[in-house]
Protein chains: 2
Amino acid sequence: MLQNLIKHIRKFIELDDHSIEVLNKYFKKNSYKKKEFLLKEGQVCRSLYFVEQGCLRMYFTNDKMNEQITQFAKENWWISDFFSFADNKPSGYYIQTVEKSDVLSIDTLSFEAMLKELPQMERYLRIIMQNAVAASQRRIKYMYELSKEEFYLHFCNSFPEFVQRVPQYMIASYLGLTPEYVSELRKKNL
Amino acid sequence: MLQNLIKHIRKFIELDDHSIEVLNKYFKKNSYKKKEFLLKEGQVCRSLYFVEQGCLRMYFTNDKMNEQITQFAKENWWISDFFSFADNKPSGYYIQTVEKSDVLSIDTLSFEAMLKELPQMERYLRIIMQNAVAASQRRIKYMYELSKEEFYLHFCNSFPEFVQRVPQYMIASYLGLTPEYVSELRKKNL
DNA sequence: CGGTCTCTTGACGGAGTTCAAAGCTAGTGG
DNA sequence: CCACTAGCTTTGAACTCCGTCAAGAGACCG
């Protein structure tokens, strides 16, 4: 049931049969259709989400009422508003499926209980979080280093599957570009 | 000797006397003058750094040979190139003191040995890293949400001590602005 | 097939950069 | 404690990348 998650955890730490049962107790699996919401602005983000299958996006709406995507999550990625999750503060984000998806979730209380019962999971999560920090550092470096055109091309080269899978205007939004400008860049670069 | 670090750790987990001795064994304390380097571009970042006293900056140089700051670290902040640290890859960053500083460092091997000996530190680091991810999410949201002017003003309101402590051109660089534009903004907003 | 998303095109404008030069400030050595 | 110098900040003019607006052409789904 938690196959992808378990495979993922086992890349970093060992996990015996009993531990798997414990995980089964705390994680819930949900299936969503395209464009369903897991979190809406103003709600407290009470869970961490792990994508078993499919693709999610996290976005907020700015003054002019258009959507700014800040994160995608596909298979084997974790996603959450960590600020809202940690402090029980209302979130400024939406989390929504981009396509039909299966998602595991664990809420605040289960999370703490799970960590108490399986302290070795602290190590797994520490590594995951550390990798996420590394990824953020890279992302911010690219944002400062590259022009918007270079940033777009770099993204297309780095994640060609994503570019195929996700509509163009969402890629534009994620990169902080207008759909019009992306269209111009596509024409220009074949 | 590790007073600030220990105080910091104790905000998140419990720590007995024996554990403190173990930490003493693995962490090294170094004092640096203003503008000394802890890491240079091309070197592998072999340590995590914890600032006991003072202030560091992390930056890279772009094509036009000017410095782009991506991170500051003052008292009780961790800093490192996590990508280089994790994979032993050459770093694209410099880490340098902004002012006279006392810094604790722990290298890759000591880090792993320390975690083996004190597994409860996994929890501390998981929480630290999770907070760092939350901070990155916030930072990226602001970068997308605010104009450069708003971004600058927001930073000044959020970190007034920093604005006093660090030269203006470094603030500009950290925010992705030119010193000229920051100068203009200052005049405009009193 | 009709309607609603999505992508493209082109004209225009402005926030923020670049360049060059002058004015300040603070740290250093004498 | 002063004077010198290197480094920091300010100014203003010219420029440009990229966003905005408006409108039309495809494409996908019920």
Side-chain angles (χ1 to χ4, degrees), chain A residues 33-37 55 57 59-69 72 94 96-100 142-156 162-190, chain B residues 32-37 54-55 57 59 61-69 72 94 96-101 142-156 162-190:
Chain A
K33 291 181 290 186
K34 192 173 177 174
K35 302 213 173 181
E36 279 195 88
F37 287 96
C55 182
R57 65 174 182 144
Y59 70 90
F60 66 93
T61 57
N62 62 20
D63 313 341
K64 299 151 207 153
M65 285 306 289
N66 46 21
E67 301 169 356
Q68 279 290 347
I69 298 174
F72 288 111
Y94 298 81
Q96 189 195 33
T97 54
V98 173
E99 48 187 61
K100 190 170 166 313
Y142 289 134
M143 291 176 76
Y144 280 150
E145 183 166 44
L146 305 177
S147 70
K148 302 241 161 170
E149 177 168 7
E150 291 166 332
F151 195 44
Y152 171 73
L153 294 173
H154 180 269
F155 181 84
C156 290
F162 241 87
V163 177
Q164 294 206 315
R165 191 168 174 181
V166 171
Q168 202 170 269
Y169 76 98
M170 287 194 188
I171 306 281
S173 173
Y174 175 71
L175 298 173
L177 308 175
T178 58
E180 292 93 331
Y181 189 53
V182 166
S183 182
E184 194 182 322
L185 291 178
R186 273 164 61 92
K187 189 169 64 168
K188 194 164 141 193
N189 298 278
L190 285 200
Chain B
Y32 300 92
K33 291 180 290 187
K34 193 174 175 173
K35 301 212 175 185
E36 279 196 89
F37 286 96
C55 181
R57 64 175 182 144
Y59 70 90
T61 58
N62 63 19
D63 313 340
K64 300 151 206 153
M65 286 306 290
N66 46 20
E67 302 168 355
Q68 279 289 348
I69 298 174
F72 288 110
Y94 297 82
Q96 189 195 32
T97 54
V98 172
E99 48 187 61
K100 190 170 167 311
S101 304
Y142 289 134
M143 291 176 76
Y144 281 149
E145 183 166 44
L146 305 177
S147 70
K148 302 237 161 170
E149 176 167 7
E150 291 167 331
F151 195 44
Y152 171 73
L153 294 172
H154 180 268
F155 182 85
C156 291
F162 241 87
V163 176
Q164 294 205 314
R165 191 168 175 182
V166 170
Q168 203 170 264
Y169 77 98
M170 288 194 188
I171 305 281
S173 174
Y174 174 72
L175 297 173
L177 309 175
T178 58
E180 292 92 333
Y181 189 53
V182 166
S183 181
E184 195 181 321
L185 291 178
R186 273 164 60 91
K187 190 169 63 168
K188 193 164 139 193
N189 299 278
L190 285 203

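Each chain gets a letter, A, B and so on, in the order the sequences are listed, and its residues count up from 1.
Look at B:Lys187 and you'll find a side-chain N or O under 4.0 angstrom from OP1 or OP2 of D:dG12. Taking only side-chain nitrogens and oxygens, B:Tyr169 comes nearer than 4.0 Å to OP1 or OP2 of D:dC8. Proximity of B:Thr178 to the phosphate of C:dT17: a side-chain N or O atom is located under 4.0 Å from OP1 or OP2. For the pair A:Tyr181 and D:dG19, the criterion of a side-chain N or O lying under 4.0 Å from OP1 or OP2 is not met.
Per the geometry, OH belonging to A:Tyr144 stands 16 Å off C1' belonging to C:dT17, to the nearest Å. Taking atom NZ of A:Lys188 as the reference point, atom P of C:dG10 lies 15 Å away to the nearest angstrom. In this structure, CG of A:Asn66 is placed 14 Å from P of C:dT6, rounded to the nearest angstrom. Rounded to an integer number of Å, the gap from A:Arg186 CZ to D:dA25 P is 19 Å. For the pair A:Leu146 CG and D:dC17 C1', the computed distance is 15 Å after rounding to whole Å. Going from atom CD of B:Gln168 over to atom C1' of D:dT11 covers 14 Å, rounded to whole Å. Atom NZ in B:Lys34 sits roughly 16 Å away from atom P in D:dA6 (whole-Å rounding). As rounded to whole Å, 14 Å separates atom P of D:dG12 from atom CD of B:Glu180.
Aromatic ring centres of B:Tyr174 and B:Phe155 lie closer together than 6.0 Å. Between B:Tyr144 and A:Phe60, a ring centre-to-centre spacing not shorter than 6.0 Å is recorded.
When heavy atoms are screened at a 4.0 angstrom cut-off, A:Glu184 is found touching no nucleic acid atom at all.
Considering all non-hydrogen atoms of both residues, B:Cys55 and B:Val166 come closest at SG-CG2, 4.4 Å.
Of the candidate nucleotides C:dG16, D:dC18, C:dT8, C:dG16 has the atom lying nearest to any side-chain atom of B:Glu149. Considering only side-chain atoms of B:Ser147, the nucleotide from C:dT6, C:dG16, C:dT8 that sits closest is C:dG16.
A:Lys33 places no side-chain N or O within donor-acceptor distance of the main-chain N or O of A:Thr97, the cut-off being under 3.5 Å. A donor-acceptor pair under 3.5 Å is formed between the side chain of A:Gln96 and the backbone N or O of A:Lys35.
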